[in-house]
Q: 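My structure is below; once you've seen it, I'll send some questions.
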Amino acid sequence: MQNKVYLDSAGIINIDVIGDQTVESVEQMGKHIEGLITEQRRLGKPSLVLDNLLQMGNVGAEARQMVVDLAKRMDYDRAAMVGKGGLMKFGTNLMLRATGRSYRTKYFEDIAEAKHWLLTPTK
């Protein structure tokens, strides 16, 4: 199976990360995500991202660094990451801090909770 990047009916950019990841697969996802963010901005809509890591496999060091680099430059309003907890949560939180955007990115273990957070207006 391949990674999937798509805009859902609620206006959330969904990223389904499936299997092992390489620099090439991360780069391809990044281009698709940036295109959807650009389109949301053009339409005057918020840029909300749901990164589903539940089916993710191994990610090499270079690919992880590329994820951090992409997250630093992407123009999103809020991003929710969904994973299995434990080491995944710890590693993801370290990565979020590295992006300098942890204030608008949050980790969840449940997709419904992540979507609710994304769609709830900030105060």
Side-chain angles (χ1 to χ4, degrees):
M1 255 190 169
Q2 286 189 352
N3 299 320
K4 298 175 187 171
V5 179
Y6 58 95
L7 184 67
D8 70 17
S9 61
I12 297 172
I13 298 166
N14 287 261
I15 309 159
D16 294 340
V17 184
I18 302 169
D20 295 346
Q21 301 302 307
T22 63
V23 169
E24 292 79 17
S25 67
V26 171
E27 185 174 40
Q28 185 177 25
M29 282 187 294
K31 287 178 183 177
H32 197 165
I33 296 161
E34 287 177 327
L36 289 172
I37 288 172
T38 299
E39 182 63 14
Q40 289 295 91
R41 292 287 184 223
R42 188 184 69 73
L43 296 171
K45 295 182 178 184
S47 175
L48 307 172
V49 178
L50 176 64
D51 195 3
N52 181 343
L53 308 173
L54 292 171
Q55 297 180 65
M56 183 175 70
N58 294 321
V59 183
E62 287 181 32
R64 279 193 305 273
Q65 183 58 51
M66 178 169 269
V67 169
V68 171
D69 295 343
L70 286 169
K72 283 181 181 180
R73 76 171 190 245
M74 286 188 181
D75 182 28
Y76 62 87
D77 293 306
R78 294 171 93 187
M81 301 179 89
V82 180
K84 298 173 187 152
L87 284 176
M88 169 81 72
K89 184 175 183 177
F90 178 74
T92 301
N93 284 328
L94 285 177
M95 189 192 73
L96 293 176
R97 280 192 223 116
T99 68
R101 293 179 163 191
S102 58
Y103 62 94
R104 60 178 154 169
T105 309
K106 194 169 176 182
Y107 183 91
F108 295 88
E109 293 183 20
D110 180 79
I111 291 174
E113 287 179 25
K115 286 184 177 186
H116 176 75
W117 178 77
L118 285 170
L119 295 171
T120 300
T122 57
K123 297 174 175 122

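On a predicted model such as this, the values are computed, not experimentally measured, just so you know.
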Q: Name the residue from V17, D51, I18 that meets the side chain to side chain contact (heavy atoms under 4.5 Å, CB included) definition with M56.
A: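 Between M56 and the candidates, side chain to side chain contact (heavy atoms under 4.5 Å, CB included) is satisfied uniquely by V17.
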Q: Hey, could you give me the CG/CD distance between N58 and Q21, rounded to the nearest 0.5 Å?
A: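 With rounding to 0.5 Å, CG (N58) is 10.0 Å from CD (Q21).
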Q: Please determine whether side-chain contact (heavy atoms from CB on, under 4.5 Å) holds for the pair Q55 and D16, giving the CA-CA distance in whole Å, both sets of side-chain angles, and the decisive distance to 0.1 Å.
A: CA-CA 8 Å; Q55 297 180 65; D16 294 340; 5.6 Å; no
Q: Yes or no on side-chain contact (heavy atoms from CB on, under 4.5 Å) for L53 and I15, after CA distance, side-chain angles and deciding distance?
A: CA-CA 8 Å; L53 308 173; I15 309 159; over 6 Å; no
Q: Got L54 and I111 here, is their nearest side-chain heavy-atom distance under 4.5 Å?
A: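 With C-beta onward as the side chain, the pair touches.
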Q: Atom CD1 in I33, atom CE in M74: separation rounded to 0.5 Å?
A: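 Result: 4.5 Å between the selected atoms.
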Q: Working note: K84 + E109, criterion side-chain contact (heavy atoms from CB on, under 4.5 Å); need CA distance, chi angles, decisive distance, verdict.
A: CA-CA 6 Å; K84 298 173 187 152; E109 293 183 20; over 6 Å; no
Q: For atom CD of Q28, is the number of surrounding heavy atoms from other residues, nucleotides or ligands below 6.0 Å larger than 12?
A: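 Counting neighbours around CD of Q28, 12 or fewer heavy atoms of other residues, nucleotides or ligands fall under 6.0 Å, so no.
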Q: For D20, what residues pass the salt bridge (Lys or Arg N to Asp or Glu O under 4.0 Å) criterion, not counting sequence neighbours?
A: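 In terms of salt bridge (Lys or Arg N to Asp or Glu O under 4.0 Å), with neighbours along the sequence ignored, D20 is linked to no residue.
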Q: Would a 4.5 Å heavy-atom cut-off, applied to side chains only, mark R42 and T38 as touching?
A: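 Of all side-chain heavy-atom pairs linking T38 with R42, none is under 4.5 Å.
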Q: Give me the atom names and distance for the closest heavy-atom approach of T22 to S25.
A: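 Smallest heavy-atom distance, with atoms named: N-OG, 2.8 Å.
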Q: Could you grab the distance from atom NE2 of H32 to atom CD1 of I13, nearest 0.5 Å is fine?
A: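 Answer for the NE2-CD1 pair, H32 versus I13, is 9.0 Å.
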Q: Working to the nearest 0.5 angstrom, can you tell me the gap between E34 CD and S47 OG?
A: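 One gets 10.5 Å once the value is rounded to the nearest 0.5 Å.
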Q: Say whether, by atom type as modelled, one donor and one acceptor occur between the side chain of R64 and the main chain of V59 under 3.5 angstrom.
A: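 Yes; at least one donor-acceptor contact below 3.5 Å.
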Q: Heavy atoms only: give me the nearest Y76-A71 pair and the separation to one decimal.
A: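 Scanning both residues, the minimum pair turns out to be CE2-O, 3.6 Å.
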Q: To the nearest 0.5 Å, what is the distance between CZ on R41 and CD1 on I37?
A: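 Here the interatomic distance stands at 7.5 Å.
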Q: Could you tell me whether a side-chain N or O of N14 sits under 3.5 Å from a main-chain N or O of I12, the two making a donor and an acceptor?
A: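 Confirmed, N14 side chain pairs with I12 backbone.
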Q: side-chain contact (heavy atoms from CB on, under 4.5 Å), that's the test. Do K115 and L50 meet it? Break it down for me.
A: CA-CA 7 Å; K115 286 184 177 186; L50 176 64; 3.6 Å; yes
Q: So do M81 and F108 actually touch side chain to side chain, heavy atoms under 4.5 Å?
A: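 Side chain of F108 against side chain of M81, heavy atoms only: no contact under 4.5 Å found.
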Q: Can you tell me how far apart CG (L36) and OH (Y6) are? Round to the nearest 0.5 Å.
A: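 It comes to 11.5 Å.
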